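The structure under discussion appears below in the form of structure tokens.
Residue numbers begin at 1 in each chain, while the letters A, B, ... track the order of the sequences. Both backbone and side-chain heavy atoms feed into the values below; hydrogens, waters and symmetry mates do not. Source: prediction; values computed, not measured.
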Number of protein chains: 2
Amino acid sequence: MADSNERYESMVRKLKEHGYKLTHQRLALARVLSVSEGHPDVETIFLRLQDSFPTMSLATVYRNVMLFKSFGEVLELGFPNGRNRFDGNKPFPHPHVICIRCQKIIDPDVGSLKDMTEEVADITGFVILTHRLDFFGICSDCMTEKV
Amino acid sequence: MADSNERYESMVRKLKEHGYKLTHQRLALARVLSVSEGHPDVETIFLRLQDSFPTMSLATVYRNVMLFKSFGEVLELGFPNGRNRFDGNKPFPHPHVICIRCQKIIDPDVGSLKDMTEEVADITGFVILTHRLDFFGICSDCMTEKV
DNA sequence: GTTTTAAATAATAATCATTCTCATTTACAT
DNA sequence: ATGTAAATGAGAATGATTATTATTTAAAAC
Ligand SMILES: [Mn+2]
Ligand SMILES: [Mn+2]
Ligand SMILES: [Zn+2]
Ligand SMILES: [Zn+2]
């Protein structure tokens, strides 16, 4: 994964560059996102911030995660059911492998989709801006689970 | 695209095989799904059924689209914002190209992901059951649009 | 350091696609 | 034709996300 200090500094830099205030809540969120490894959802992020900010609002987490996303500092993985998940380590499109039992999401080390993206653009006439590739299955932990 | 009569017959066969009643609503829905080409959402399907079934409930559309999905007769494309879309022609995982302006969704003719799926299974230890690949961009119609 | 003020936050209401509930209706086996 | 479990229609409930607004605060100006 990316160096978390680098990621943190990058997020703070973006706040400054765009003229946003460096609130305690934002800096703490940047820290949580930069060290996050398991693609947390807002609830998980919210709970991690509870220690340092017992009065923090869930809306503040939503607002600022989306703010960091608008800077390209976090990747949002939207899901139609269940909560959206966030990747603060690799804030660019990349494949994910999702366990349908325990909801674990990991980043596999596989080749990119550059070739297929170009092929799709050629065939369809679309200007392709981004993509999303998810593999759904059952992780080895869940496979060996009894019951 | 697939032959719509074949698709329709396949859907009706699945209803019979699984012992579900052949209600007028289900048969009409099977017809709409089998001829659908633009990945309609439930609202669109609902409106198309209004002509023949003015009293039909939206819940019935949801219920039975999910029933056909459980038979593997329709592919659901879930979206975290906006409505889910359905493909009754190719009810198996395949790539999609989505226009972020007009929400058009098309099926591009590209090679499969079989190789990458195997690679991911090897690397992660997951048992991969399905996948989802979306390319997001702007279609040529929207690109040439003024304003 | 104090003051000023636009931006940010906390709390909570609103949204909206989807699912659930239940009274009524219907497919279909007998 | 009748009986019965399944299906439908109508509308309430759900739940993640977004919007609203009064209060607080970061940081610029003095
Ligand atoms: Mn990731
Ligand atoms: Mn399709
Ligand atoms: Zn698992
Ligand atoms: Zn378009």
Side-chain angles (χ1 to χ4, degrees), chain A residues 11-30 32 39-71 74-86 103 105, chain B residues 11-32 39-71 74-86 98 103 105:
Chain A
M11 291 183 196
V12 175
R13 197 182 322 122
K14 287 283 170 59
L15 284 174
K16 287 178 184 165
E17 280 173 12
H18 292 81
Y20 286 89
K21 293 183 177 175
L22 304 185
T23 65
H24 298 141
Q25 291 91 333
R26 278 179 180 152
L27 296 177
L29 174 60
V32 169
H39 304 88
D41 57 24
V42 281
E43 191 70 25
T44 302
I45 295 168
F46 178 65
L47 289 175
R48 276 189 207 159
L49 291 167
Q50 289 284 53
D51 303 326
S52 6
F53 297 90
T55 72
M56 192 175 192
S57 170
L58 193 57
T60 297
V61 181
Y62 272 104
R63 264 191 303 259
N64 288 308
V65 167
M66 294 316 282
L67 183 66
F68 285 122
K69 180 187 173 187
S70 76
F71 297 152
V74 69
L75 179 74
E76 180 174 27
L77 300 177
F79 293 94
N81 29 258
R83 305 196 254 267
N84 292 354
R85 307 276 288 262
F86 298 90
Q103 316 303 322
I105 301 180
Chain B
M11 290 182 196
V12 175
R13 197 181 322 122
K14 287 284 171 58
L15 284 175
K16 288 178 183 165
E17 281 173 12
H18 290 82
Y20 285 90
K21 294 183 178 175
L22 303 186
T23 64
H24 298 139
Q25 291 92 332
R26 278 178 181 153
L27 296 177
L29 174 61
R31 184 64 72 187
V32 169
H39 303 87
D41 56 26
V42 281
E43 191 70 26
T44 302
I45 295 168
F46 178 66
L47 289 175
R48 276 187 207 160
L49 291 167
Q50 289 285 51
D51 303 327
S52 5
F53 298 89
T55 71
M56 192 175 192
S57 169
L58 194 57
T60 298
V61 181
Y62 271 105
R63 265 192 300 255
N64 288 308
V65 167
M66 294 316 282
L67 183 66
F68 285 122
K69 181 187 173 187
S70 77
F71 298 152
V74 69
L75 179 73
E76 180 173 28
L77 299 178
F79 292 95
N81 29 257
R83 306 197 253 267
N84 291 354
R85 307 276 287 262
F86 297 90
I98 300 167
Q103 315 305 320
I105 301 181

(Q) A:Arg48: which residues meet the side-chain hydrogen bond (donor to acceptor under 3.5 Å, both in side chains) condition with it, sequence neighbours left out? (A) none
Q.
Among residues at least two apart in sequence or on other chains, which ones pass side-chain hydrogen bond (donor to acceptor under 3.5 Å, both in side chains) with B:Arg31?
A.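 If we apply the side-chain hydrogen bond (donor to acceptor under 3.5 Å, both in side chains) test to B:Arg31, skipping adjacent residues, the hits are B:Asn5.
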Q. Do A:Leu67 and A:Arg26 come within less than 4.5 Å of each other through their side chains, counting heavy atoms only?
A.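 Touching, per the 4.5 Å side-chain cut-off.
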Q: Taking the side chain as every heavy atom from C-beta outward, state whether A:Lys14 and A:Met11 have any pair of such atoms under 4.5 Å apart.
A: no
Set of side-chain contact (heavy atoms from CB on, under 4.5 Å) partners for [X], sequence neighbours left out:
X	value
B:Tyr62	B:Val42, B:Leu58
A:Val12	A:Tyr8, A:Lys16, A:Leu22, A:Leu27
B:Ser57	B:Ala59, B:Thr60
A:His24	A:Phe53

**Q.** Contacts of type salt bridge (charged side-chain N to carboxylate O under 4.0 Å, His left out), residue B:Arg83, not counting sequence neighbours
**A.** B:Asp41
Q | Test salt bridge (charged side-chain N to carboxylate O under 4.0 Å, His left out) applied to B:Glu76 - qualifying residues, sequence neighbours left out | A | B:Lys69
Q) What is the per-nucleotide protein-contact pattern of nucleotides 12-19 of chain C, from the 5' end, where B denotes a base atom under 4.0 Å from a protein heavy atom, S denotes such proximity for sugar-phosphate atoms only, and - denotes neither? A) B----SBB
Q: If a protein heavy atom is under 4.0 Å from the base, mark B; if only from the sugar-phosphate, S; if neither, -; do that for nucleotides 22-30 of chain C going 5' to 3'.
A: -----BS--
Q: Note down the inter-axis angle between the two ends of the helix from C:dG1-D:dC30 to C:dT30-D:dA1, five pairs each, to the nearest 10°.
A: 30°
(Q) For a 4.0 angstrom threshold against heavy atoms of chain A, report the outermost contacting nucleotides of DNA chain D in 5' to 3' order. (A)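 Terminal contacting nucleotides, 5' to 3': D:dA16 to D:dA27.
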Q: Rounded off to whole Å, could you give me the CE-to-C1' distance for the A:Met56 and C:dA8 pair?
A: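 Result: 11 Å.
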(Q) Does B:Phe79, at its CZ atom, have more than 12 non-hydrogen atoms belonging to other residues, nucleotides or ligands within less than 6.0 Å? (A) yes
Q.
Which heavy atom of B:Met56 sits nearest to which heavy atom of B:Gln25, and what is that distance?
A.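 Nearest heavy atoms, B:Met56 then B:Gln25: CE-CB, 3.6 Å.
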